Structures are given as C-alpha cells and as structure tokens.
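Single-structure report; data block below.
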Amino acid sequence: MKMTMHIDDELLGRVIDAYGFASKTEAVEAALREMDRQARIREFRKHGLGFTPDELAEAVDPFYDEKLGHNVYPPGHAVAEDPTPYGSADPR
C-alpha cells in the first residue's frame with residue numbers, strides 16, 4: 001500500500017543504520033512487525049496458550065532442574081559426544 005507519512009528523519013536514519021535496513025520502507029515494515037509481535041505476546045500472556053497444567057508439566061524435560069534453570073543429567077547419561085579440544089590435532 002502506498003501512502004504519505006511524516007516520520008522523524010533522524011530517528012528513521014538511526015534505525016536504518018543500527019539494523020542495516022536497505023530502505024525506509026523495510027525499516028517501517030520491520031517496526032510494524034515488531035509491534036505486532038509484541039501485541040500478540042501480550043495476548044498470550046493474558047489468555048495463556050490453552051494448555052492444562054498436566055499438559056504443561058509433560059512438556060518439560062524430566063531432567064530440567066527448575067532451581068538451577070538448566071538440565072541436570074544423571075551420571076552416565078550421554079547427551080552428546082565429548083568435543084575435540086580447541087586447537088587439537090585429533091581429527092575425530
């Protein structure tokens with residue numbers, strides 16, 4: 001849609017430079033998308049996602065430690081292979 005708008009040139013220029021937009025239109029569209037995203041997040045927070053407490057509990061990794069804020073795996077539980085140390089000649 002084509003329209004005429006009055007936008008602060010300095011503000012628009014700072015946003016274009018900061019985010020590397022190719023045009024004024026691209027910057028304005030990105031700003032509108034971001035505002036829409038934030039509005040949708042607020043709606044989710046107000047109304048929830050529609051899951052029951054049991055459904056939410058089932059969605060959490062059983063090894064997640066809420067107090068620590070990350071997963072805690074029992075000894076011997078292989079999550080991934082040991083990484084090759086940085087700078088090592090080992091070609092694994």
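A quick note: this is a predicted structure, and the numbers were derived from the prediction, not measured.
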Worksheet item: Minimum heavy-atom separation for Val72 to Leu68, with atom names?
Response: CG2-CD1, 3.5 Å
Worksheet item: Quick check: are there more than 12 heavy atoms from other residues, nucleotides or ligands sitting under 6.0 Å from CD of Glu66?
Response: no
Worksheet item: Are the side chains of Asn71 and Tyr64 in touch, meaning some heavy atoms are under 4.5 Å apart?
Response: yes
Practice prompt. Taking only Lys NZ, Arg NE, NH1 and NH2, and the carboxylate oxygens of Asp or Glu, determine whether Glu34 and Arg37 approach each other closer than 4.0 Å.
Written response: yes
Practice prompt. Determine whether Phe63 and Val60 fall in the same hydrophobic cluster, where Ile, Leu, Val, Met, Phe, Trp and Tyr are linked whenever their side-chain heavy atoms lie under 4.5 Å apart.
Written response: no
Item to complete: Have a look at Glu43 and tell me which of Arg45, Arg40, His47 forms a side chain to side chain donor-acceptor pair (under 3.5 Å) with it.
Response: His47
List, one per line, each side-chain donor-acceptor pair under 3.5 Å for residues 4-17, sequence neighbours excluded.
unit_1 : atom_1 : unit_2 : atom_2 : d
Asp8   : OD1    : Glu10  : N      : 2.9
Asp8   : OD1    : Leu11  : N      : 3.0

